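Since we're looking at a predicted model, the values are computed, not measured. Atoms within each ligand, like the ligands themselves, are counted from 1 in listed order.
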Amino acid sequence: MQSCADPVEAYDDPLFSRCYDRMVAALPKSLEVGKDVQLAATLLPEGGARILDVAAGSGRVAFGLASHFPNRPLEINLLDASQEMLSRAREQEPPHTACRFSYMHGDMSDLGKILADAPRFDLIILTAGSIHHLLEEGERKGLFEGLAQLVEPQRGRLLLTRLADEEIICAEETADATVQLAPGVTKRILRQEKQECSNGDAVVHTEFEVSEQGEEEQGSRVSWTLRTIRPEDLAAAATAHGLLLVRRASGFESAMSGNTLDVPDRDSTVFVFSIA
Ligand SMILES: C[S@@+](CC[C@H](N)C(=O)[O-])C[C@H]1O[C@@H](n2cnc3c(N)ncnc32)[C@H](O)[C@@H]1O
């Protein structure tokens with residue numbers, strides 16, 4: 001167990017990152033795990049394509065796409081702020097595919113600078129609510145500036161998701177409560193703090209101990225901080241940088257069908273943008 005005063009950011013912790021894929025696989029059905037890959041697959045143009053997975057983590061979506069199209073020469077770039085998560089991704093890179101992968105360590109709010117000289121992308125993915133990790137207005141602005149700079153005009157698409165705030169980010173967790181995250185993986189809440197921003201967003205900081213039961217139980221004390229984002233603010237931040245809203249839906253299934261711009265804005269969790 002760690003004994004230092006400040007817990008490490010969860011994604012920088014070797015144990016947490018090792019358990020990440022198992023935890024995602026065990027998420028409730030309502031979160032439609034895996035459907036993000038299906039939706040992303042429908043947004044790709046024919047033939048070869050350049051893809052950027054922002055906050056790619058262990059490569060769940062990037063590699064899901066590669067497995068979906070094993071014979072297509074996709075160039076898939078994975079960017080993440082955590083070296084641990086990028087290591088998990090490298091370990092899991094699918095071997096038999098026509099896709100090429102590259103890995104970048106960096107902060108998504110600096111996207112435009114990190115990829116200043118890169119050609120634009122046919123598909124940019126920012127899923128699993130990773131946008132909630134950006135806590136400052138300036139960071140969100142930096143992210144959208146970069147995204148607008150990097151989406152291929154007209155045919156390019158940006159797939160972005162947020163989490164339904166009340167259900168997930170603001171769910172109150174009782175100190176000392178232990179919850180099962182996946183078979184053999186538990187989380188024990190140590191401390192949770194919630195603050196309100198001037199625009200009404202909530203910032204929730206949670207410290208917890210993640211444990212993996214094996215022959216010898218191992219545990220790490222970690223934390224994360226998430227900021228809610230209202231759907232209308234997300235859409236406004238994107239359109240302020242020239243991105244055009246193409247689809248908006250309350251889930252991946254509905255994003256794959258019908259005229260999704262008709263859904264009530266407040267329920268939106270899945271957004272697809274293009275740029276002129
Ligand atoms: C919920 S995981 C999502 C991983 C992956 N996209 C998926 O769908 O499974 C969030 C990821 O965001 C990354 N992350 C957090 N803040 C970041 C930042 N400022 N820039 C880049 N990546 C960040 C974390 O390291 C983590 O891998």
Any side-chain heavy-atom pair of L52 and I76 under 4.5 Å | no

Check the surroundings of atom CD in Q195: do more than 12 heavy atoms from other residues, nucleotides or ligands lie under 6.0 Å from it?
-> no

Of all protein heavy atoms, the one nearest atom 6 (N) of ligand 1 is A55 O, 2.8 Å

In this structure, atom 1 (C) of ligand 1 is nearest to the protein heavy atom Y11 OH, 3.1 Å

With a 4.0 Å cut-off on heavy atoms, does G106 reach ligand 1?
-> yes

Report the distance from atom CG of D122 to atom CG of L74, rounding to the nearest 0.5 Å.
-> 9.5 Å

Does an N or O anywhere in S109 fall below 3.5 Å from an N or O of ligand 1?
-> no

Ligand 1 to T127 polar contact by distance, N or O atoms, under 3.5 Å | yes

By salt bridge (charged side-chain N to carboxylate O under 4.0 Å, His left out) - contacts of R18 (at least two apart) = E212

Closer than 4.0 angstrom: is that true for some heavy atom of D12 and an atom of ligand 1?
-> no

Which is closest to atom 11 (C) of ligand 1 in terms of heavy atoms, D80, D110, L126, L143?
-> D80

Who are the side-chain hydrogen bond (donor to acceptor under 3.5 Å, both in side chains) partners of K194, not counting sequence neighbours?
-> none

Does any N/O atom on H133 come nearer than 3.5 Å to any N/O atom on ligand 1?
-> no

For D53 and ligand 1, does the shortest N/O to N/O distance drop below 3.5 Å?
-> no

Ion pair present between R120 and E152, side-chain N to carboxylate O less than 4.0 angstrom?
-> no

Are any of the N/O atoms in M85 less than 3.5 Å from those in ligand 1?
-> no

Before signing off on this row, confirm whether M108 and ligand 1 have an N or O atom pair separated by under 3.5 Å.
-> yes

Considering only non-hydrogen protein atoms, determine which one is nearest to atom 10 (C) of ligand 1 and report residue, atom name and distance to 0.1 Å.
-> S130 OG, 3.4 Å

Return yes or no for this condition: an N or O of V61 is under 3.5 Å from an N or O of ligand 1.
-> no

What protein heavy atom sits nearest atom 8 (O) of ligand 1, and how far off is it?
-> R60 NH2, 2.8 Å

Looking only at distance, does S58 have an N or O less than 3.5 Å from an N or O of ligand 1?
-> no

Cation over ring, R50 on F121, under 6.0 Å and within 45°?
-> yes

Say you draw a straight line from CG of D12 to OG of S220; how long is it, rounded to the nearest 0.5 Å?
-> 11.5 Å

Which ligand 1 atoms does G57 reach within 4.0 Å, using its non-hydrogen atoms?
-> 4 (C), 27 (O)

Answer with yes or no whether V24 contacts ligand 1, where contact means a heavy atom under 4.0 Å from a ligand atom.
-> no

For atom 23 (C) of ligand 1, closest protein heavy-atom neighbour = A81 CB, 3.7 Å

Over all atoms of both residues, closest heavy-atom pair of I229 and R162 = O-NE, 2.7 Å

In terms of atom number and element, which parts of ligand 1 are under 4.0 angstrom from non-hydrogen atoms of D107?
-> 18 (C), 19 (N), 20 (N)

For the residue pair L181 and T186, establish whether any side-chain heavy-atom pair is separated by less than 4.5 Å.
-> no

Above 12 or not: heavy atoms from other molecules or residues under 6.0 Å from CZ of R100?
-> no

L134 and S109: which non-hydrogen atoms are nearest, and at how many Å?
-> CD2-CB, 4.4 Å

With atoms numbered from 1 as shown, which atoms in ligand 1 lie under 4.0 angstrom from a non-hydrogen atom of L134?
-> 19 (N)

